[in-house]
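Inspection log for the structure reproduced underneath, given as structure tokens.
Just so it is clear, the model here is predicted, and its values are computed rather than measured. Throughout, a chain's letter reflects where its sequence line sits, starting with A, and its residues are numbered from 1.
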Amino acid sequence: MSSAFLYTLVGLGLFALGLYALIVHAHLLRKILAINVMGSGVFLVLVALAKRTGEVRPDPVPHAMVITGIVVAISATALALILMLKLTAKTGHARLPDDQRESR
Amino acid sequence: MTMSDYLSATLLITGAIFFLAGTLGLLRFPDVYTRLHALTKADNVGLGLTIAGVAVQAESWAVVGKLLLIWVLVLLAGASVAHLIARGAQHRGIHLWKR
Amino acid sequence: METITLLAWAFDSLLGLGLLWLAWQSLASPDLFKAIVLFFAFGLLMALAWVRLEAPDIALAEVAIGAGLTSALLLAVLAKLRATEINDDTTEPLENVEQTFRSFQWFPTVILLLVVAGLSYTVLSLPPYATGLSAEINTNIENSGVRNPATAVLLNFRAYDTLLEMLVLLIALLGVWSLNGAVLQSKTAPGLVLDTLSRLLAPMLILVAAYLLWVGAHASGGAFQAGSILGAAGVLLLLAGWRLRPALTALPLRLMLVAGPAAFIAMAVFTMMIEGQLLEYPKQYAGILILFLEIAATLSIGTTLVALFLGGRPSNNFPSNDFPSKDEEHK
Amino acid sequence: MQILYLTLALFLLLNISVGMYRIIRGPSTADRMLAAQLFGSTAVAILLLLTLATGNSALRDVALLLALLAAVTAVAFVQRAWPNRETDDDDE
């Protein structure tokens with residue numbers, strides 16, 4: 001197995017872990033972390049697949065996409081975090097209010 | 001292998017040993033202050049030796065300068081952060097370990 | 001040669017396992033602080049993964065954002081969250097978090113397995129060799145005005161993407177500002193050591209940002225990396241207690257924020273008029289025009305990231321305080 | 001020499017993996033932050049070794065950046081996120 005496919009599988013694993021955490025956690029900060037992990041997984045898959053060029057240097061287009069993606073991800077994260085703080089200030093809980101599960 | 005290769009290899013391996021010592025200290029020492037002490041010192045020496053080993057192989061003096069800059073920055077940041085954490089820990093009443 | 005392949009393979013496997021394990025631990029951790037520290041470590045390992053994938057440009061961005069900004073932002077927000085969250089019995093009990101995460105829940109698990117199976121099938125059925133667009137880029141790079149392919153893609157071949165990305169950053173900041181409030185103030189006075197550290201590191205960070213901006217034309221680096229470093233410098237100064245002078249937070253700050261998008265839009269209009277194509281530069285001036293765009297973009301990205309870290313509109317929320325104000329670093 | 005560089009890089013990565021124990025285990029928040037800090041300087045060393053192993057000098061810039069920025073998170077921790085009441089259960 002080439003290292004490109006190794007990292008692709010790691011990226012898939014990260015995406016799956018993040019998705020699972022996004023579904024099961026109620027706390028919004030955890031959900032934001034989960035989305036970030038999912039994003040890292042997607043980036044990893046993109047860049048790993050760009051490395052399938054053999055001996056020559058990897059395809060730079062996914063690289064450029066991921067660079068902008070990282071910067072956009074942090075700005076979206078910042079917006080999400082501030083939204084979460086706003087919600088917490090209103091309701092006292094960092095959870096979505098329509099969360100009906102009794103045990104949590 | 002040339003003379004400089006041997007020198008570089010010796011420095012790099014010694015550096016790695018210091019890193020190992022730092023990690024052992026992090027794992028085995030009993031309180032936050034001693035861990036801080038083990039980690040900051042051992043790691044900075046380890047990195048210094050690694051950088052010396054890399055610098056032996058450097059192709060130009062500009063590269064040596066950049067490597068030195070990296071070490072100075074890590075020393076500066078490491079020392080400051082160690083101080084901040086130790087002071088914070090003391091401030092919050094984490095006790096010193098006594099046998 | 002054989003040993004080298006084996007060692008590289010061992011390194012990659014250990015790194016991959018470490019990434020998965022850190023992500024797992026971070027997402028399953030009952031303690032939010034621990035989760036954030038693990039996420040920081042995860043970012044460091046991601047930087048190593050980018051290096052292994054021969055993507056030093058991305059490694060630079062990841063280090064600047066992941067090591068400098070994301071975790072600082074998360075930690076500041078966590079502190080604020082602890083202050084505002086009501087800790088009564090209905091709050092999520094700490095022990096349950098790990099349990100929820102580890103216990104078997106059939107519905108998400110089934111969805112997850114389907115998703116993973118589908119994705120793995122797609123990925124593994126891809127051809128093992130694919131050159132993508134590298135050939136086109138190699139033939140056109142002489143005309144792009146820069147020699148670093150990533151920069152050529154960002155600022156020339158797909159410059160309209162970057163234009164929209166600058167707008168996304170601006171919109172995120174407008175979103176944060178429109179929520180109005182929650183400025184993340186410093187908790188404690190900085191003290192002598194932190195003050196000195198910030199005084200030494202901030203100019204170094206600005207210098208490195210300028211270096212990466214310049215070197216981005218022919219080697220790894222570029223506007224996004226440089227902007228992120230400026231952002232990290234600004235965050236460090238904010239953490240050390242520096243504040244912008246109120247006179248500068250009104251119009252000059254906003255001008256800084258829109259400089260990047262404005263430069264891009266102006267360039268788009270200009271190239272439409274000269275070449276008849278959106279963001280297609282005249283060949284002999286491509287290098288200098290790209291540098292101009294990159295400088296504007298760097299300043300805007302840096303300022304936007306610092307403003308995002310502040311979390312609120314500074315002019316409304318900043319009381320004047322005792323710390324001397326320092327403005328250059330926020331630009 | 002290639003083999004030596006890669007072996008040492010692998011060794012340092014193992015060092016990091018072992019150090020993760022301290023992040024998971026704690027016990028105090030300061031310990032976790034401290035261990036994360038260790039990751040920073042070890043990662044700088046790994047990057048420099050990889051620079052030698054691959055001959056890609058751009059990695060040196062990554063190391064420089066990491067050296068500069070490793071402090072920012074720790075400063076954020078000390079200034080903002082460190083809870084004032086720390087549970088003092090530092091016994092091993």
- request: Dump the intermediate steps for side-chain contact (heavy atoms from CB on, under 4.5 Å) on T42(D) and D43(B), then the final yes or no.
  value: CA-CA 8 Å; T42(D) 316; D43(B) 271 19; 4.0 Å; yes

Please report the interatomic distance [atom1]([X]) to [atom2]([Y]), rounded to the nearest 0.5 Å.
| X | Y | atom1 | atom2 | value |
| --- | --- | --- | --- | --- |
| L73(B) | L68(D) | CG | CG | 4.5 Å |
| Q37(D) | I85(B) | CD | CD1 | 6.5 Å |
| D31(D) | R35(B) | CG | CZ | 4.0 Å |
| L75(B) | S41(D) | CG | OG | 10.0 Å |
| L47(B) | L48(D) | CG | CG | 7.0 Å |
| L84(B) | M33(D) | CG | CE | 11.5 Å |

query: Does the side-chain contact (heavy atoms from CB on, under 4.5 Å) test come out yes or no for L12(B) and Y5(D), once each step is laid out?
result: CA-CA 8 Å; L12(B) 289 176; Y5(D) 301 145; 3.6 Å; yes

Given a strict heavy-atom distance threshold of 4.5 Å, which part of [X] is in contact with chain D: side chain, backbone, both, or neither?
| X | value |
| --- | --- |
| V54(B) | both |
| L76(B) | neither |
| L39(B) | side chain |

Engaged part of [X] at the chain B interface, taking heavy atoms whose separation is under 4.5 Å:
| X | answer |
| --- | --- |
| A63(D) | both |
| L12(D) | side chain |
| L8(D) | side chain |

- prompt: Do any of residues 17-26 of chain B come closer than 4.5 Å to chain D, heavy atom to heavy atom, and if so which ones, in number order?
  reply: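 Listed by number: F19(B), L20(B), T23(B), L26(B).
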
Closest non-hydrogen atom pair, [X] against [Y]:
| X | Y | value |
| --- | --- | --- |
| N15(D) | A16(B) | ND2-O, 4.5 Å |
| A67(D) | A77(B) | O-CB, 4.4 Å |
| F29(B) | R22(D) | O-NH2, 4.1 Å |

Contact listing (chain B partner; residues 55-62 of chain D; heavy atom under 4.5 Å): R60(D), D61(D)

